[in-house]
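Below: the structure, in structure tokens.
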Amino acid sequence: MNKTSYTNLAKAWEYAEDVAFAKQSEALNALRIHAEEVGFPQGSAAQADFLRLLVGLTGARSIIVVGTGSVVETYQLIAGLGGTGLLTAVDSSPEGTALIRRMFTRLDNQTGTTLRVVNVAAGQFLPRLNAADYDLIVVAGDAGNYAPAFAQAERLLRRGGTVVLTDVLAFASPVSNGGLLNPADRGDKATAMRELLEAVQDDGRFDVTLVPVGTGLVLCVKR
């Protein structure tokens with residue numbers, strides 16, 4: 001592609017974000033603003049909206065979201081469940097867990113979805129869960145969330161289940177210096193994403209694709 005094509009792609013990304021932000025409810029906007037005010041940057045609106053749609057496309061009824069104060073993604077996943085199923089939020093940060101708990105308290109009387117949140121690192125909690133019991137795993141937030149979650153994904157997912165790795169381009173990192181696209185960026189997130197992408201693409205247990213939604217998603221479907 002030429003320079004004009006790349007410029008148009010950048011404009012298309014901005015347009016997609018604007019459309020997704022315009023679709024957000026007042027409640028979701030308030031959650032995003034509050035989370036960012038207390039120090040938890042939220043991800044792309046288009047990415048979160050895609051995750052909501054993905055729940056319906058995959059027919060997921062049992063979801064794990066591993067994040068660090070990722071209230072926007074979690075809210076949209078709950079919306080995708082449409083009052084059914086189970087969503088488990090795993091957050092190693094006490095402050096992030098508190099944000100999720102407050103959101104769950106508000107939603108508890110508005111949804112039939114069973115909601116649970118645990119304040120523990122993914123590498124400690126996920127090995128305790130039953131095998132082949134989940135349809136969808138979404139990983140977001142700190143660099144340390146990704147490898148432990150992916151290591152458990154094949155065991156936890158049913159056949160045809162999906163693990164989604166968000167922000168694989170590492171643009172959302174607080175110390176991003178261009179993320180994955182800049183070889184000079186040696187920050188924790190960019191380094192972790194480089195290593196994880198290589199491992200995921202070589203993993204024969206999954207069908208894998210990189211999707212240019214938000215700040216980059218990798219979808220891995222269990223064979």
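Model, not experiment: these values are computed from the prediction.
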What are the two closest non-hydrogen atoms of [X] and [Y], and how far apart are they?
| X | Y | result |
| --- | --- | --- |
| S44 | G214 | OG-CA, 3.2 Å |
| S70 | E73 | CB-OE1, 3.5 Å |
| Y146 | T166 | OH-O, 2.7 Å |
| K189 | A143 | CA-CB, 3.8 Å |
| A20 | A45 | CB-C, 3.6 Å |
| Q76 | A48 | CB-O, 3.3 Å |

Side chain proximity check, [X] to [Y], heavy atoms < 4.5 angstrom:
| X | Y | value |
| --- | --- | --- |
| H34 | L99 | yes |
| L77 | V138 | yes |
| P148 | L126 | no |
| L115 | R101 | no |
| F206 | V221 | no |
| L181 | F171 | yes |
| V211 | L219 | yes |
| L196 | L165 | yes |

inquiry  = side chain to side chain contact (heavy atoms under 4.5 Å, CB included) for V218 and V164? Distances and angles first, verdict last.
reply    = CA-CA 6 Å; V218 168; V164 181; over 6 Å; no
Do [X] and [Y] belong together in a cluster built from hydrophobic side chains that touch within less than 4.5 Å?
| X | Y | answer |
| --- | --- | --- |
| I64 | V139 | yes |
| I63 | L28 | yes |
| L210 | M193 | yes |
| Y134 | L54 | no |
| L169 | V208 | yes |

Does [Y] offer a backbone N or O that forms a donor-acceptor pair with the side chain of [X] under 3.5 Å?
| X | Y | answer |
| --- | --- | --- |
| E36 | P41 | no |
| Q42 | F40 | yes |
| D142 | G144 | no |
| K222 | R159 | no |

Calculate, to the nearest 0.5 Å, the distance between atoms [atom1] and [atom2] belonging to [X] and [Y] respectively.
| X | Y | atom1 | atom2 | answer |
| --- | --- | --- | --- | --- |
| D203 | R223 | CG | CZ | 8.5 Å |
| D49 | F21 | CG | CZ | 11.5 Å |
| T114 | I78 | OG1 | CD1 | 11.0 Å |
| T113 | L107 | OG1 | CG | 9.0 Å |
| D108 | M103 | CG | CE | 12.0 Å |
| R61 | L136 | CZ | CG | 11.5 Å |

message = Between Y75 and F104, is the ring centroid distance below 6.0 Å?
response =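 For Y75 and F104, the ring centres are not under 6.0 Å apart.
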ask   = Counting only heavy atoms not in Q110, do more than 12 sit closer than 6.0 Å to its CD atom?
value =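 Yes, enclosed.
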query = Can you list the steps and then say if F125 with V66 is a side chain to side chain contact (heavy atoms under 4.5 Å, CB included)?
reply = CA-CA 10 Å; F125 179 71; V66 179; over 6 Å; no
query = Do N145 and T68 get their side chains close enough for a donor-acceptor pair, meaning under 3.5 Å?
reply =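 Distance-only check passes for N145 and T68.
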Exercise: do T88 and R116 side chains pair donor with acceptor under 3.5 Å =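 Yes, a side-chain donor-acceptor pair sits under 3.5 Å.
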inquiry  = Just to verify, which of I137, D135, D133 counts as forming a side chain to side chain contact (heavy atoms under 4.5 Å, CB included) with L156?
reply    =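 Only match with L156 under side chain to side chain contact (heavy atoms under 4.5 Å, CB included): I137.
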task = Go through the steps for L87 and L81 under the test side chain to side chain contact (heavy atoms under 4.5 Å, CB included), then give the verdict.
result = CA-CA 9 Å; L87 184 136; L81 284 167; 4.1 Å; yes
task = Evaluate the criterion side chain to side chain contact (heavy atoms under 4.5 Å, CB included) for residue pair V71 and I100; output intermediate values, then yes/no.
result = CA-CA 6 Å; V71 295; I100 300 292; 3.7 Å; yes
